[in-house]
Amino acid sequence: MSERYFYPMLIEQLPDKQGYKGKFIDLNIEVSGKSLEELMDNGHEALDKGLDDDLALRIKGTDPATVTPPSGQGMIIVEFDRIAYKEKHDKKTITKAVTMPAWMATIAKERRIDCSKLLQRALLAEFDKD
């Protein structure tokens, strides 16, 4: 299951090689990091916080072949898989009320079916259909 997006980011090294800063071309998001790895990690975190569901679906990212970085800057492509990021980093759980017929709840209880786990598996399967 994935929901992958690719965003070009202009990057430059900070003075005295103290790290890097980057700016996503298509978004008003800037990040920094002491290393390229930290810059990418911070970029993923910023994308997760900055892209709500509707915005992520509308912004696909500029074609990097059409971009010439300004002097002193480079460009990297940041791959962001929103669902994989959420699976890895968002461990909190929430309680949702689910409505079902009473007979269904009774049979599920008799058969010791964990409705929460069943619903999670069903939702993951549904996400894969997209």
Side-chain angles (χ1 to χ4, degrees):
M1 167 183 44
S2 76
E3 194 171 290
R4 296 169 58 198
Y5 300 96
F6 301 88
Y7 297 100
M9 177 195 290
L10 294 175
I11 64 167
E12 64 182 281
Q13 196 166 40
L14 295 173
D16 299 326
K17 299 183 179 185
Q18 295 293 314
Y20 297 88
K21 69 177 180 177
K23 180 175 179 165
F24 288 99
I25 293 173
D26 302 301
L27 309 164
N28 190 23
I29 297 175
E30 294 185 15
V31 294
S32 62
K34 294 178 183 173
S35 65
L36 286 174
E37 181 180 358
E38 186 176 292
L39 180 73
M40 291 293 280
D41 289 344
N42 292 343
H44 287 134
E45 184 178 346
L47 286 171
D48 180 56
K49 290 179 182 175
L51 295 175
D52 62 33
D53 294 344
D54 293 336
L55 183 61
L57 298 175
R58 288 194 308 261
I59 298 178
K60 297 298 182 188
T62 297
D63 181 353
T66 65
V67 177
T68 303
S71 179
Q73 294 186 355
M75 183 175 59
I76 58 175
I77 306 302
V78 178
E79 178 182 359
F80 183 64
D81 184 329
R82 192 169 59 98
I83 293 174
Y85 185 88
K86 294 278 189 201
E87 278 183 315
K88 183 176 180 181
H89 297 283
D90 190 356
K91 301 295 184 191
K92 71 178 178 183
T93 60
I94 61 168
T95 301
K96 291 292 233 179
V98 177
T99 304
M100 69 178 80
W103 66 266
M104 201 178 278
T106 301
I107 294 173
K109 185 175 181 180
E110 288 171 359
R111 295 185 182 183
R112 298 178 187 214
I113 295 172
D114 184 332
C115 292
S116 290
K117 286 185 181 177
L118 181 62
L119 177 59
Q120 288 177 40
R121 285 195 304 267
L123 286 170
L124 286 171
E126 186 67 25
F127 296 160
D128 275 338
K129 290 181 182 179
D130 294 337

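Sequential numbering from 1 along the given sequence is applied to the chain's residues. Values in this document were obtained by computation on a predicted structure and should not be read as measured data.
- Within the 4.5 Å cutoff, side-chain heavy atoms of M100 are placed close to those of C115.
- Rounding to the nearest 0.5 Å places OG of S32 at 12.0 Å from CD of Q18.
- For Q13, the side-chain contact (heavy atoms from CB on, under 4.5 Å) test picks out K17, Y20, with sequence neighbours left out.
- The aromatic rings of F80 and H44 lie parallel to each other, with less than 30° between the two planes, well short of the 60° mark.
- Taking the side chain as every heavy atom from C-beta outward, V31 and M40 never approach each other to under 4.5 Å.
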Inset, instruction - Check step by step if side chain to side chain contact (heavy atoms under 4.5 Å, CB included) holds for I76 and L36. - result: CA-CA 10 Å; I76 58 175; L36 286 174; 5.5 Å; no
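- By the side-chain contact (heavy atoms from CB on, under 4.5 Å) test, R111 pairs with I107, I113, sequence neighbours left out.
- For S116, the side-chain contact (heavy atoms from CB on, under 4.5 Å) partners at least two apart in sequence or on another chain are D114, Q120.
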Legend entry - Criterion side chain to side chain contact (heavy atoms under 4.5 Å, CB included) on F24 and V78, from CA distance to verdict: CA-CA 9 Å; F24 288 99; V78 178; 3.8 Å; yes
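- Other residues sharing a hydrophobic cluster with L10 under the 4.5 Å side-chain heavy-atom criterion for ILVMFWY residues are I25, V67, M75.
- Residues passing the side-chain contact (heavy atoms from CB on, under 4.5 Å) test with S35, sequence neighbours excluded: E37, E38.
- Under a hydrophobic clustering in which Ile, Leu, Val, Met, Phe, Trp and Tyr are joined whenever their side-chain heavy atoms come within less than 4.5 Å, directly or via other members, L118 and L124 fall into different clusters.
- Here CG of N28 is found 5.5 Å from NZ of K23. Values are rounded to the nearest 0.5 Å.
- A single hydrophobic cluster is seen to contain both V98 and F127, as judged by linkage of ILVMFWY side chains at heavy-atom distances under 4.5 Å, directly or through other members.
- Here the straight-line distance linking atom CG of D81 with atom CD of E87 works out to 8.0 Å at 0.5 Å rounding.
- Between D26 atom CG and Y7 atom OH the span is 8.0 Å, to the nearest 0.5 Å.
- Remark: E79 engages R4 in a side-chain hydrogen bond (donor to acceptor under 3.5 Å, both in side chains) (not counting sequence neighbours).
- Note that the CG atom of N42 and the NZ atom of K21 stand 15.0 Å from one another [nearest 0.5 Å].
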